[in-house]
Amino acid sequence: MSANCTSAAAVSASKTKTKKKHFIGQKVKLFRASEPILSVFMWGVNHTVNELSNVPVPVMLMPDDFKAYSKIKVDNHLFNKENLPSRFKFKEYCPMVFRNLRERFGIDDQDYQNSLTRSAPLNSDSQGRFGNRFLCSYDHRFVIKTISSEDIAEMHSILKKYHQFIVECHGNTLLPQFLGMYRLTVDGVETYMVVTRNVFSHRLTVHRKYDLKGSTVSREASDKEKAKELPTFKDNDFLNEGQKLQIGDDNKKYFLEKLKRDVEFLATLKIMDYSLLVGIHDVERAEQEEMDVEGAGEEEEYENDGMGGGALTGSFGTPPDSPGNPLNCGGFFGPGEFDPSVDVYAIKSRDGAGKKEVYFMAIIDILTHYDAKKKAAHAAKTVKHGAGAEISTVNPEQYSKRFYEFMSNIFVGPTPPPPTHAQLRPGGTGPSHLLHSSSSFLFAPARKLSH
Amino acid sequence: SGDLLAAVPVLGEDTASIVTPTAIPSHCASNMASASSIAASIASKTKTKKKHFVAQKVKLFRASDPLLSVLMWGVNHSINELSHIQIPIMLMPDDFKAYSKIKVDNHLFNKENMPSHFKFKEYCPLVFRNLRERFGIDDQEFSNSLTRSAPLNSDAQGRSGARFHTSYDKRYVIKTISSEDVAEMHNILKKYHQFIVECHGNTLLPQFLGMYRLTVDGDETYMIVTRNVFSHRLSVYKKYDLKGSTVAREASDKEKAKELPTYKDNDFINDGQKIYIDGENKKMFLEKLRKDVEFLAQLKLMDYSLLVGIHDVERAEQEEVDSEDNEAEDDGESDGGGVGTPPDSPSNTLDSTKPLSPGEFDPSIDVYAIKSNDGAPRKEVYFMAIIDILQHYDAKKKAAHAAKTVKHGAGAEISTVNPEQYSKRFYDFIATILS
């Protein structure tokens, strides 16, 4: 008989959730999920990353790479029916471009693949604009958003310039980090998905969340929203609370420099209606939550096996993981501490701050193009479209200015001196009049926006 | 810090540089995968002699023929898929009707080694996985043999000019077959599998390891993979295809002009060829043969052959010495033994880690090998097994009636026997030549 033993033991072992952290052999990936579309997503990402591993990395991207796609259609018969549908299609847009972007954002392809395939992505209750569906990789490192075919078209329109922008800023930006874009077809239904890096931490919980646009109308969380476990508050809530983020002068300066570059870039692409997503982690509250849970003495078994990437070993005699922090390494990170190469948007509160907090802030929802909006507005005879969207009569440039001005005031402390011409991003594509006026709105005294 | 030259612009550095696999500073650890894949892809182009791969080796599926690239890609894909499917405790009837199908349509992507549009279908994946296991073949190794480097054209000709390839490491044979053969395989698969279960994989029948349909440029090609009857290491200098029949069983002049001609029954007899194996080996061999041909007769299969290959130990040693003298700096196809052994001659591929002396073999790889007995005039190793078992009697009779003659295809023979008679005549002939 052969060396490969097939026994019932082997079959059942793979079904029990092993807590092993180090894998010598290749881990079996079942692509098991609550819905076929998630299984197809996992299978597809697994497949495309494997394919890419056999395609040599080119010295540089070519124009064709921005028009390319890979498509695969699976038709199985009486085979592999347990976790996957028998028929499905998976398309990846511009594989080489996104591979290059992942690299520039410091994400290893194997890690990316593992995060999305070792265990099924989790549904997130956060809602994007127009009720787009959100999912989070099981290790909370990546966000998967369901988008429209119009968004796909817009992504293709901006991809070259976006990539160039990322090259020039060396991946150092508050813009969404686009990491992969796919079309899945299951039961004849097409779903488009884009993967971005999670703005929030994969470890530290966010206790309070804001979606800020710097605009004036209807920017307040509804009662229904406030009833949620983690409501998304908005501009008016932020202002009414007298909220200020205590990040210290250097951090603030650095942050606003990036923000300025980013919104200028968005304005040149005529993109608008984006938001600054802000998440606040309250260090003391988190410590209290952890103690509460440990006190209750629960031993929950969680979905993941604690293998969310290289930073987690937890095998050095650390205290047991608490369910509240599925990937907490116990003694590896102190309270409120983080790995900046993983939680790239995290900023600690400054030393003198009243509360010890960690802030996560980045720009989201950058795929609304002004021309598309205007077309839709004319068609609908009104600029308002979709639930929760706002009536906005500004153009992208005005939007960016208003946005920047609002954000520059959400922090404690004086606003930084305006950057001189020389300090502005080299090769910047901002229209010249924006450079002149930047000084004017930066020197304006900090004021609340009047409605 | 340090010398950083990578083929891709590394985070923070936008240099388009020459590809050199140099040391990568640790702060760029996130880019290790891509840098090492560049190194690996260079290594794989320059026939690396490394045996142990730490990182995953890049497989380019490069081949002279798009069909071979698709085969390599397909086998790689199929084995990867299977690695995520739990091995069932036993096969179910549906498994014998199952298939997996995949269609690839790329646009401006991955065009260097693969066609942009192709299809790959695998028949009964779970059945063949189970068969591989019963034949002692690990799936990863199977995949490696067929995918690390392109299969080689073989000048061996099957019946009706079927095309042959061998895996680059010579462990497996890939035969192009007809859609009728695929249908016949489906017909016999359950019983074949059952037979393999009962004899514990111990048989002279072909070891069927995978069956596929490839579609490239709209053309469909059917392929079946079997274990090589001959050795992956020891060269065969004389080859016979024996059926035990009497008519036109002689190699043509054209055949004799080849490097390794396929001789037949009459040549065997006229040459006075003998197979010198001892009593025990002979007994075991004939027992297997008897069981096998009885099985084939039950399935009404006929026109199969016994393929015989002879390795002459002294002759091989001499060849190796000759080639060492003449081609001291030849870049051999094979990987070296790596343990201070003499350089490999091109005829020896893929030595295992411990070097084998002349005429020695690993019986778990060269499963058909039988050494000559002590009293033999020459030290030889024989490789003998049954091939070409997919000809069904009923299909033959139909074709015969259609063509008004029993003769079909170049080199096939006029045979008026039925499968039972065929099997008896076959067995008797082989038993005789072994005496």
Side-chain angles (χ1 to χ4, degrees), chain A residues 1-4 6-8 10-11 14-15 26 28-31 43 46-47 50-60 64-65 67-80 82-83 91-92 94-96 99-100 103-111 167-168 170-171 310 341, chain B residues 7-14 16-17 19 29-35 37-38 41 56 58-61 73 76-77 80-81 83-89 94-95 97-110 112 122 124-126 130 132-139 200-201:
Chain A
M1 264 305 243
S2 66
N4 298 342
T6 54
S7 62
V11 172
S14 63
K15 286 183 181 162
Q26 186 191 11
V28 170
K29 294 176 181 174
L30 299 179
F31 309 128
W43 182 97
N46 188 64
H47 176 81
N50 283 347
E51 283 291 90
L52 277 171
S53 72
N54 292 326
V55 177
V57 181
V59 170
M60 51 184 280
D64 274 355
D65 293 329
K67 301 186 238 172
Y69 60 75
S70 70
K71 261 201 320 189
I72 194 153
K73 181 181 185 223
V74 170
D75 262 300
N76 291 333
H77 178 61
L78 303 176
F79 173 66
N80 200 6
E82 199 184 319
N83 292 314
K91 177 177 186 179
E92 178 174 21
C94 313
M96 306 289 273
R99 173 165 69 170
N100 188 260
E103 197 177 317
R104 290 177 181 281
F105 291 129
I107 292 166
D108 168 76
D109 265 20
Q110 277 307 307
D111 290 341
V167 169
E168 286 170 5
H170 305 292
S341 71
Chain B
V8 292
V10 173
L11 191 66
E13 302 192 32
D14 204 357
S17 327
V19 174
S30 63
N31 297 317
M32 273 306 250
S34 46
S37 71
I38 286 283
S41 77
Q56 186 192 12
V58 170
K59 291 178 179 172
L60 300 178
F61 307 130
W73 182 96
N76 186 66
H77 175 81
N80 281 346
E81 284 292 271
S83 72
H84 299 308
I85 295 173
Q86 289 164 339
I87 300 176
I89 298 169
D94 274 355
D95 295 331
K97 302 187 240 168
Y99 61 74
S100 70
K101 258 195 332 183
I102 194 152
K103 178 175 188 242
V104 170
D105 277 297
N106 290 333
H107 178 62
L108 303 177
F109 172 65
N110 201 8
E112 198 182 319
E122 177 173 19
C124 313
L126 289 178
N130 188 259
R132 289 192 292 271
E133 194 176 320
R134 292 179 181 280
F135 291 130
I137 292 167
D138 170 76
D139 265 18
H200 305 292

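The model shown is predicted, which means the values in this text are computed figures rather than measured ones.
With chain B as partner, the option from A/Leu52, A/Asn46, A/Ile72 having the largest number of non-hydrogen pairs under 4.5 angstrom is A/Ile72.
Note that CD of A/Glu82 and NE2 of B/His84 are 14.5 Å apart. Values are rounded to the nearest 0.5 Å. Atom CG of residue A/Asn76 and atom OH of residue B/Tyr99 lie 8.5 Å apart, to the nearest 0.5 angstrom. A distance of 7.0 Å separates NE2 of B/His107 from NZ of A/Lys67, quoted to the nearest 0.5 Å. The distance from the CG atom of A/Asp65 to the CG atom of B/Leu108 is 8.5 Å, given to the nearest 0.5 Å.
Not counting sequence neighbours, the partners of B/Asn76 by the side-chain hydrogen bond (donor to acceptor under 3.5 Å, both in side chains) test are B/Lys59.
A heavy-atom distance below 4.5 Å is found between the side chains of B/Leu126 and A/Phe79.
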Problem set entry | Derivation of the side chain to side chain contact (heavy atoms under 4.5 Å, CB included) call for B/His77 and A/His47 | CA-CA 9 Å; B/His77 175 81; A/His47 176 81; 3.7 Å; yes
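With a 4.5 angstrom heavy-atom cutoff, B/Glu81 touches chain A only via side-chain atoms. Within the 4.5 angstrom heavy-atom criterion, only side-chain atoms of A/Glu51, from C-beta onward, approach chain B. Heavy-atom distances place no part of A/Asn83 under 4.5 Å from chain B, backbone and side chain included.
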